[in-house]
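Heavy-atom basis, side chains included; hydrogens, waters and symmetry copies ignored. Everything numeric here is computed off the predicted structure, so don't read it as measured data.
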Amino acid sequence: MPRFGPIHRRELIATLRSLGFTGPYSGGKHEFMQRRSLVLTIPNPHRGDIGPELLSRILRQAGISRKEWEQV
């Protein structure tokens, strides 16, 4: 059950995979993951964690509710 807040990129990818996404695949400047026809851009690796604001935007684009995210 991932928390909704600062999260490591590796944990984000693992959780998205458990929600049916495949990837990450190489793209232009950023990698992306896919689920059916939805293409979700994910942030590049960097020193810090992914903050709650960015996580919220990623989940909104993926069509995943906060409740669904916390139940995985």
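When every heavy atom of W69 is checked against every heavy atom of L59, the shortest pair comes out as CE3-CD2, 3.4 Å. Shortest non-hydrogen contact noted between I58 and P43 is CD1-CD, 3.7 Å.
H46 places a side-chain N or O within 3.5 Å of a backbone atom of G48 that can act as its donor or acceptor partner. A distance-only check finds no donor-acceptor pair linking the side chain of D49 to the backbone of R9 [under 3.5 Å]. A distance-only check finds a donor-acceptor pair linking the side chain of R35 to the backbone of L19 [under 3.5 Å]. Put simply, the side chain of S56 never gets that close to the backbone of P52: no donor and acceptor are under 3.5 Å apart.
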Inset, instruction - Verify side chain to side chain contact (heavy atoms under 4.5 Å, CB included) between Y25 and Q34, making sure each step is shown before the conclusion. - result: CA-CA 9 Å; Y25 303 107; Q34 288 183 303; 3.9 Å; yes
Legend entry - side chain to side chain contact (heavy atoms under 4.5 Å, CB included) between I50 and I42, worked out: CA-CA 10 Å; I50 296 168; I42 58 172; over 6 Å; no
Legend entry - Steps toward side chain to side chain contact (heavy atoms under 4.5 Å, CB included) verdict (F21, L38): CA-CA 9 Å; F21 282 85; L38 177 69; 3.8 Å; yes
Inset, instruction - May I have the step-by-step check of side chain to side chain contact (heavy atoms under 4.5 Å, CB included) for L40 and F32, ending in yes or no? - result: CA-CA 5 Å; L40 180 66; F32 64 93; over 6 Å; no
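Separation of atoms NE2 (H8) and CD1 (I13) is listed at 13.0 Å; rounding is to 0.5 Å. Expressed to the nearest 0.5 Å, how far CZ of R66 lies from CZ of F4 amounts to 5.0 Å. Atom CG of L55 is separated from atom CZ of R60 by 10.5 Å, given to the nearest 0.5 angstrom.
A salt bridge does not link E53 to R57: none of the charged side-chain nitrogens sits closer than 4.0 Å to a carboxylate oxygen.
Connection of V72 to M33 is established within a shared hydrophobic cluster, with ILVMFWY side chains joined at heavy-atom distances below 4.5 Å, either directly or through further cluster members. Under the 4.5 Å side-chain heavy-atom criterion for Ile, Leu, Val, Met, Phe, Trp and Tyr, L54 and I64 are members of the same hydrophobic cluster.
By the side chain to side chain contact (heavy atoms under 4.5 Å, CB included) test, T41 pairs with H30, sequence neighbours left out.
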